[in-house]
Amino acid sequence: MALADGEEKSEFHQLAEAKIFLSDCLACGNCVTSEEGAKIFAQNQKELFKVLNRNKKCDSSLHKLVVASISPQSVPYFAVKFHLSVCEASKKLCGFLKSLGVHHVLDTTIAADFSILETQKDFIQRFRRQTQDEHAFPMFASACPGWVQYAERVLGDSVTPHICTAKSPQQIMGSLVKGYFASSKNVSPDKIFHLMVAPCYDRKLEALREDYYTELYNCRDVDCVLTSGEVMQIMEQQNISVKEVVEFPLENLFGETSCVFVRHEGTSSDGYLAHVFRHAAKELFDMDVQEITYKALKNKDFLEVSLEKDGETVLRFAAAYGFRNIQNMVLKLRKGKFHYHFVEVLACPGGCLNGKGQAQTMDGKVERALLHEMEEVYTRVPIQNPESNPHIQALYEDWLQGAESQKTKQTLHTKIVASAQSAARLDMKW
């Protein structure tokens, strides 16, 4: 039974179309085909409302279980907007989504745990084979879809072998929701509509990658990505006061709820540099690193961290945020002058909190006061190390059939492949 246009529009408020400036968000218009552009624009509020409306009005055979996953970097945006703590804001956001008809609102901490742990594992393996593998180092983090997209489609195979194959937290969450969670609920993956709330538009394109589509069920791991700003727009259109929203705590994949909202060590992202650095220091050199000292080089978005043992520098890590720093990094790499073991690369200057779906005005300018407030509330959130999550080991053993199994590789890793049309256009203006 198809919905008439009138039915669909009568149920919900008319919403403005999502405005995505791909030239801003991905740095290069050539990264996105016209077909992909159309699919990105299709990931908007109407897509969510279409499913919610069907759940209320159609034959039950067309109903879907609606699951929303919340990026931890999105919650500070709502905290600042609501004048609440991050924990309180997460409950209000959860309550609002449930009031729309979302069945489960999930914390994504476990997905970031898996992504960090798999990145740590990849680093150790690369370190031990570095003499046999010219592409082992530097190793680049793979959590940022804007960076990965740029590397695959513009920089090409001089860079892609250096990128870690661990999926981003968003896409690991997609695998967990359409895999483990679907199985635990006895629901076919195609009967789940998986919504992701994220700080940047690049996540929409990431959800469209071919390897995040399951042909058997004709569905994607993440069906729709809405930015924090788009969700706020829905709230404004619904004209609901935050005080009226009933609070609900976020759930985890196991149906448990918690009153505590946690984050990883990064001040504006998931802290891959810090977690991989500490793990490598212990695993390779039996050194316990308590405090990490960051050294700013050319600017505050290019930071360096090093580990010394017996007077020798044994590890050199860096964080490179923003495309100007990425450009300089790649130029040095090609000249053989980029001597780092690991680099946490993020497309947005300042990191994920500065995602263009929440921290920038419509004309592309950074809302610096908002960003500063988000950074302040985010740093007050308790830190949780991936290794301390009690569910991780159980999922490795019971669901993934072991940490080194083929299922683990298929579920938690992806392929980073240079496009046939890629060409290193390092003269682009950002």
Side-chain angles (χ1 to χ4, degrees), residues 69-77 79 85-87 89-90 106-124 139-145 147 164 166-174 176 196-200 203 228 250 252-253 258 260-283 288-294 301 303 305 317-321 342-348 350-355 358 374-393 395-396 412:
S69 297
I70 310 298
S71 166
Q73 287 79 38
S74 285
V75 182
Y77 171 80
S85 71
V86 171
C87 188
S90 71
L106 304 181
D107 174 18
T108 63
T109 301
I110 194 168
D113 288 340
F114 271 123
S115 184
I116 292 168
L117 291 172
E118 290 299 307
T119 301
Q120 290 177 174
K121 190 191 305 180
D122 190 357
F123 181 84
I124 299 301
M139 171 180 159
F140 299 126
S142 56
C144 174
W147 151 243
C164 176
K167 289 181 182 178
S168 72
Q170 169 175 299
Q171 294 308 137
I172 288 181
M173 197 66 191
L176 290 169
M196 176 66 67
V197 179
C200 74
R203 295 292 174 190
S228 315
L250 297 177
N252 63 20
L253 290 166
S258 173
V260 180
F261 185 87
V262 297
R263 66 178 176 92
H264 293 97
E265 190 162 340
T267 57
S268 63
S269 61
D270 283 315
Y272 285 76
L273 186 155
H275 289 291
V276 177
F277 186 79
R278 282 200 172 92
H279 178 76
K282 182 63 176 177
E283 181 75 13
D288 292 305
V289 176
Q290 301 301 325
E291 292 291 326
I292 295 179
T293 302
Y294 295 89
D301 279 332
L303 305 174
V305 176
F317 281 34
Y321 298 168
F342 178 87
V343 187
E344 180 183 50
V345 188
L346 297 174
C348 293
C352 296
L353 286 179
N354 192 28
Q358 65 181 27
M374 286 195 291
E375 290 171 343
E376 283 193 339
V377 298
Y378 190 64
T379 54
R380 292 199 289 267
V381 175
I383 292 173
Q384 174 179 288
N385 289 320
E387 293 86 352
S388 65
N389 189 328
H391 295 296
I392 288 288
Q393 199 57 42
L395 283 175
Y396 267 129
L412 304 182

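On a predicted model such as this, the values are computed, not experimentally measured, just so you know.
- Closest of all the heavy-atom pairs between Leu273 and Ala319 is CD1-N, 3.6 Å.
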**Request:** Please report the C-alpha distance between Met173 and Leu253 in whole Å, then the side-chain angles of each, then the deciding distance to 0.1 Å, and finally whether the side-chain contact (heavy atoms from CB on, under 4.5 Å) criterion is met.
**Result:** CA-CA 10 Å; Met173 197 66 191; Leu253 290 166; 4.0 Å; yes
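- For the pair Pro76 and Val377, the tightest heavy-atom approach, listed with the atom from each and the gap, is CB-CG2, 3.8 Å.
- With hydrogens and angles disregarded, no donor-acceptor distance shorter than 3.5 Å links the side chain of Tyr378 to the backbone of Val86.
- Under a 3.5 Å cut-off, the side chain of Arg203 and the backbone N or O of Ala198 do not form any donor-acceptor pair.
- For Glu344, the salt bridge (charged side-chain N to carboxylate O under 4.0 Å, His left out) test picks out no residue, with sequence neighbours left out.
- Side chain of Glu283 to backbone of Ile124: no donor-acceptor contact under 3.5 angstrom is found.
- In this structure Ala166 satisfies the side-chain contact (heavy atoms from CB on, under 4.5 Å) test together with Glu118, Thr119, Ser142, Cys164, His413, sequence neighbours excluded.
- For the atom pair CD (Gln170) and OG (Ser71), the distance works out to 8.5 Å, reported to the nearest 0.5 Å.
- Checked options Gln384, Arg278, His275; the residue passing with Glu265 is Arg278 (criterion: side chain to side chain donor-acceptor pair (under 3.5 Å)).
- From His391, atom NE2 reaches atom CZ of Phe114 across 10.5 Å, with rounding to the nearest 0.5 Å.
- Counting only heavy atoms from C-beta outward, the side chains of Pro145 and Ser168 never approach each other to under 4.5 Å.
- Screening residues 379-391 for salt bridge (charged side-chain N to carboxylate O under 4.0 Å, His left out), with sequence neighbours left out, gives no hits.
- Here the shortest heavy-atom pairing between Pro386 and Ile116 reads CG-CG2, 3.8 Å.
- Contact between Met374 and Gln358 at its shortest, heavy atoms only, is SD-NE2, 3.8 Å.
- Screening Phe317, Tyr272, Phe140, Phe277 against Phe123 for a ring pair (Phe, Tyr, Trp, His ring centres under 6.0 Å) leaves a single residue, Phe317.
- Looking only at side-chain heavy atoms (C-beta outward), His264 and Thr109 come within less than 4.5 Å of each other.
- Considering every non-hydrogen atom in both Pro199 and Ser228, the closest pair reads CA-OG, 3.9 Å.
- Panel note: side chain Ser115, backbone Lys167; a donor-acceptor pair is recorded below 3.5 Å.
- Side-chain contact between Asp122 and Met139 is present, with heavy atoms from C-beta onward closer than 4.5 Å.
- Taking 4.5 Å as the limit, every side-chain heavy atom of Leu106 sits out of range of all side-chain heavy atoms of Leu176.
- Side-chain contact between Asp270 and Gln73 is present, with heavy atoms from C-beta onward closer than 4.5 Å.
- Note that SG of Cys200 and CG of Leu353 are 11.5 Å apart. Values are rounded to the nearest 0.5 Å.
- Contact between Ala141 and Phe342 at its shortest, heavy atoms only, is CB-CZ, 3.9 Å.
- For the atom pair SG (Cys348) and CG (Asn354), the distance works out to 6.0 Å, reported to the nearest 0.5 Å.
- In this structure the side chain of Cys352 reaches within 4.5 angstrom of the side chain of Leu346, judged on heavy atoms.
- In this structure, the side chains of Ile110 and Asn252 stay at 4.5 Å or more apart for every pair of heavy atoms.
- The shortest distance between side-chain heavy atoms of Pro169 and Thr108 does not fall below 4.5 Å.
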